[in-house]
Amino acid sequence: MGAFLRQEWWIVAVFIASLLPLVHVLFTGRVSALRSLDRRWIFLLMFWAVLLPIYYVSSTGNVLPEVPGALAQATFDEIEKLSPGDPVLMAFDYDPPTTGEMAPMATAFVRHAAEKRLRMYFMTLWPPGAQMIDDTIARVLKPDFPQLVYGRDYVNLGYKSGQEAVIKVVVTNLRELYTTDVLGTGVQNIPMMDGITSIQQMKLIINVASGTPGTKEWVQYAVTPYPNLRIVAGVTGVSAPLYYPYIPRQLNGLLGAIKGAAEYEQLVLNRYGGPNPNPKYMEGLRRMAPQLVGHLLIIGLIIVANVLYFTDPARGRR
Amino acid sequence: MTAGVKRETLIWGVVMLLGAVGLLGHALSSPLGVGREYVRAVPLANGQWTQYDPATYGEYLGAERAQPGQQVVQLSVPRTIGLWFAAFCTLAIFSFLYADNPFYRVAEHIFVGVSAAYWMVIAFWDVIVPNVIGKIWPGLVQGWAMPGLSGPEAERNLVYVVPLVLGIMLLWRLMPVGGWIARWPLAVIVGTTAGLRLIGFLHGDFLGQIRNTILPLVVFTGGAFDFWGSLSNVIIVVGVLCCLTYFFFSFEHTGVVGKAARVGIWMLMITFGAAFGYTVMGRIALLGARIEFLLDNWLWLIDPTGKRAIATVIVSLFG
Amino acid sequence: MKRTVPLLIAATTGFVLIVAYFVPPMQSWSEQVSVWFDILAAVAFVLGGANLMKIHLKHISDRARGWGYSAVLVVAFLGTLFVGLGKIGVNPATQFPDFAWSGPYRQNGSPFWVLFEYVFTPLNSTMFALVAFYIASAAFRAFRAKNAEAILLLGTAFIVLLGRTFAGVALTSWIDPAVWSGFQYFTGLRIENLTVYIMAVFNTVGNRAIMIGIALGIVSTSLKILLGLDRSYLGKE
């Protein structure tokens, strides 16, 4: 920390300088100024609460240790118990705004599936999801798994509109909707599509979802009516609590928010990472530092606000 | 000009000036410079055209060291301009946090325009061409945009004239006369949604969740009584019943029902507290991603994934 | 006619899907209806874009307040549509070099891809990132522990906020059987374990009850629509 402060003194100086006006406001106005604090000061505090840890972690390479929880372990085990060549559906139902949470999960899932030599069938229910699939393939498979061949080991079927109606169709007749892959090759001519007529032939659905349509729809329209299907999901923090009721009968594993991503990354690194893991597989782990400071800021703000509220002499008169 | 407006303008001016000075200073003082995009030229189809795949500054320096003047890994001016435009768009959106302003408005309207057209283009190429035109006129689509269409999927299926006609009827909503005809395809949409969701929610959420709640109240693990497992199951069963009792608003919450509803409220408060905690976690992660974009991709102040790590070593060794 | 036929269409499509669920030989009918729905969903995107153009072109022609921004929107829309539909700058697919239009419209490096990567993505992502700031502001302005329920909510939020980060681990790391053997009965009180328990038990309880309630509401609304009791989707006469 000392070395960081000496080397990056300028950012600390900017941080202090930006908050000097706030200190002045609080010093002159005291408690009443705090009670009527302009919310833009809170925005600034949140900005620094996220920026400084990101800067620190990226400059020093120090990440906080993660102890994987039971759900992350269950998710890992579902994929780990599959055999090479098993077909898995990679349903990436997210868009650019949620890549902060979803991309680490997608990266880790694809890496894990590639290490296990699973046959990956990518599809999405979100229009921008097709680009998310392309990005993940370009980030993981092309540079680190060049021995995997498109069409034989993985295929990108792309996007179809209709949300849950797409699931309703592909769970019984995949080829009714998907006549070609995203590159325009007919499914007839894709070797790994031989014999694949529906999602029911997938050993596992790996779903990365940031809203609707997403995990809920896959559970309702694929897994529940066809109990042989199994699913693990990586979801956003906003939606994660909503899926706990499905565990474990309808949802076999769940990664919730960036914490879930970090835990799963740790598991994959422990198993396949080696002594010098590639930093692109540690994105979730890096993002836990701003989470820590951000959460502490939120807690601090709530405590300060409540202290001000309960010590407000005008409160009894209202 | 009022004092408040003057002050706001002064603050905007100072922030812009400091930002510009800081950016210029960083660009001039940083050994690696600031955000630039590099590409690797990959000739395709026997050199008929070239595809440009993303590359890093480290790869560029390495290629230049190996063969000065090479053109395989090169600076991409369009993508660099795009990167700076993306950065300024990001800052324009963030500027709304201070106050509504024209930069934010322009950025917002660009976003709405681009995203609406983006979704239209996707709908056309991913659905309408393969799943409508390709089913009714497969030969046309094969000869034009999808030569890979083959096999049973390439056979003509005139049943798809129905969704084509329904689609045209839906678009007729925009016409000044006869917009009522759009109700027919709208009825298909509404009817399908209602039919799908009735079964999906009934099976997955109603029956499924009742089934998931039928849990043993006395749990034995490895032959021994599992206190915590039993307690968890008791809390789940009793808690779900209490919450459902709270949702019965058609009779008074007094006596035993009132007490059960009270317990239900407490369970719901815990649920909402947990939801708030997770929501905070989710949103901070999204902000972190944007800040990382500004610091890494644009300003080259940090390099968490080592895209410029090789470059840093080369610069420090050779200047 | 204008209202009766759509009611019949809605009822027919809905009941085909419901009956097909219980009568497997009818599955192909439900697949067909679902595929038509998927196609109509795509047409709806076209309708949405066209409607947006209609509104903003009217703003411009009326010289309404802020029409300049509408002009920016129209230019952005038409530009994206042109490069996307026209596959401008998209090379043919390598396996079909003789077909000029065979390349994927999202090809890396094409103008459409550039618009997605450097315009759509940063703008969309930053819009969502703004919410983090508003959550902090709302936490300061609105969250008051005024009664027992609010205290329960805030207390749970604190435990989850701490438990999902390293702060929680550090705060209660002293509850360790290695420190005192008696702690083996209290490891569940470690904040990270408390968080897991809250999510797995209490959160499940609340969300399960909400899910059951919502499911009943959806079933009731769907039935009302299919039986023609709810005709709000048809609009005015």
Side-chain angles (χ1 to χ4, degrees), chain B residues 44-45 49 52 82 86 89-90 93 105 109-111 113-114 116-117 119-121 123 125 127 145 147 163 167 170 174 180 183 185 187-192 194-195 197-199 201-202 205-206 209 232 235 239-240 243-244 247 267-274 276-277 283-284 286-287 290, chain C residues 2 6 9-10 13-14 17-18 21 36-37 39-40 42-43 45-46 49 52 69 72-73 76-77 80-81 84 91 94 96-97 99 101 105 109 114 118-120 122-123 126 128-129 131-132 149 152-153 156-157 160-161 201-203 205-206 208-209 211-213 215 218-219 222 225-226 233:
Chain B
L44 293 173
W49 59 82
Y52 294 95
C89 280
T90 303
I93 300 292
R105 291 265 167 190
H109 282 75
I110 291 173
F111 167 61
V114 168
W119 285 51
M120 273 178 79
V121 170
W125 286 116
V127 182
L170 189 62
L174 297 166
W180 61 268
R183 288 178 185 161
V188 173
I189 293 172
V190 168
T192 308
R197 290 194 175 181
L198 192 150
I199 293 293
F201 275 82
L202 202 56
D205 283 15
F206 185 67
Q209 291 309 309
S232 300
I235 292 173
V240 170
C243 287
L244 289 173
F247 289 144
M267 295 286 183
L268 288 169
M269 288 299 116
I270 296 175
T271 304
F272 297 147
F276 172 69
R283 297 307 181 187
I284 289 176
L286 306 189
L287 175 60
R290 292 321 297 159
Chain C
K2 284 186 181 179
I9 292 173
T13 51
L17 284 163
I18 293 170
Y21 195 79
W36 294 356
F37 175 88
I39 292 167
L40 286 175
V43 175
F45 291 164
V46 176
L52 185 78
Y69 297 123
V72 168
L73 187 151
F77 179 89
T80 308
L81 201 65
N91 297 320
T94 47
F96 307 112
F99 293 85
W101 290 76
Y105 66 95
V114 167
Y118 298 115
V119 182
F120 180 83
L123 288 170
T126 315
F128 273 71
V131 181
E149 284 83 15
L152 206 50
L153 190 150
T156 309
V160 170
L161 284 169
V201 178
F202 295 97
N203 167 72
V205 162
R208 185 164 286 166
M211 228 183 237
I212 290 171
I218 296 268
V219 168
S222 300
I225 288 172
L226 294 179
Y233 64 93

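Predicted, not measured: the structure shown is a model, and the values here were computed from it. By convention in this document, chain letters (A, B, ...) are assigned in the order of the sequence lines, proteins followed by strands, and residues within each chain are numbered from 1.
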Counting only non-hydrogen atoms closer than 4.5 Å, does [X] touch chain B with its backbone (N, CA, C, O), its side chain (CB onward), both, or neither?
X	result
C:Val43	both
C:Leu52	side chain
C:Phe96	side chain
C:Leu40	both
C:Tyr21	side chain

Is the closest side-chain heavy-atom distance between [X] and [Y] below 4.5 Å?
X	Y	answer
B:Phe276	C:Leu161	yes
C:Val205	B:Cys243	yes
B:Met120	C:Phe77	yes
B:Val121	C:Leu81	yes

Minimum heavy-atom distance [X]-[Y], with the two atoms named:
X	Y	value
B:Val114	C:Ala76	CG2-CB, 3.9 Å
C:Ala215	B:Phe201	CB-O, 3.7 Å
C:Pro97	B:Ala45	CB-CB, 4.5 Å
B:Leu287	C:Ala129	CA-CB, 3.8 Å
B:Ala194	C:Ile225	CB-CG2, 4.4 Å
B:Ala187	C:Thr13	O-OG1, 4.1 Å

**Those residues that, when tested against B:Arg283, pass salt bridge (charged side-chain N to carboxylate O under 4.0 Å, His left out) (two or more places apart)** =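 With sequence neighbours excluded, B:Arg283 shows a salt bridge (charged side-chain N to carboxylate O under 4.0 Å, His left out) to no residue whatsoever.
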**Nearest-0.5 Å distance that lies between atom CZ in C:Arg208 and atom OG1 in B:Thr271** =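 Reported value, rounded in 0.5 Å steps: 11.5 Å.
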**CD1 on C:Ile9 to OG1 on B:Thr192, rounded to 0.5 Å** =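 One finds 10.5 Å between OG1 of B:Thr192 and CD1 of C:Ile9.
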Greatest number of heavy atom pairs closer than 4.5 Å to chain B - which of [options]:
options	value
C:Phe202, C:Tyr69, C:Trp36	C:Tyr69
C:Leu123, C:Leu17, C:Ile212, C:Leu152	C:Leu123
C:Gly14, C:Pro122, C:Gly206	C:Pro122
C:Thr126, C:Val46, C:Thr80, C:Val219	C:Thr126

Which atoms of [X] approach chain C - backbone, side chain, both or neither, heavy atom under 4.5 Å:
X	answer
B:Arg290	side chain
B:Trp180	side chain
B:Ile93	both

**Asked** Top residue by heavy-atom pair count (under 4.5 Å) with chain C, among B:Val127, B:Leu44, B:Val240, B:Leu286?
**Response**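 Going by pairs under 4.5 Å, I would pick B:Val240.
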**Message:** Classify the ring geometry of C:Phe120 against B:Phe111: parallel below 30°, tilted from 30° to 60°, perpendicular beyond 60°.
**Reply:**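 Taking B:Phe111 first and then C:Phe120, their aromatic rings sit tilted (interplane angle of 30° to 60°).
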**Request:** Ignoring hydrogens and angles, tell me if any N or O in the side chain of B:Trp125 forms a donor-acceptor pair with the backbone of C:Gly84 under 3.5 Å.
**Result:**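 Yes: the side chain of B:Trp125 pairs with the backbone of C:Gly84.
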**Under the side-chain hydrogen bond (donor to acceptor under 3.5 Å, both in side chains) test, residues paired with B:Asp205 that sit two or more places apart** =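 Only A:Lys216, A:Gln220, A:Tyr246 meet the side-chain hydrogen bond (donor to acceptor under 3.5 Å, both in side chains) criterion with B:Asp205.
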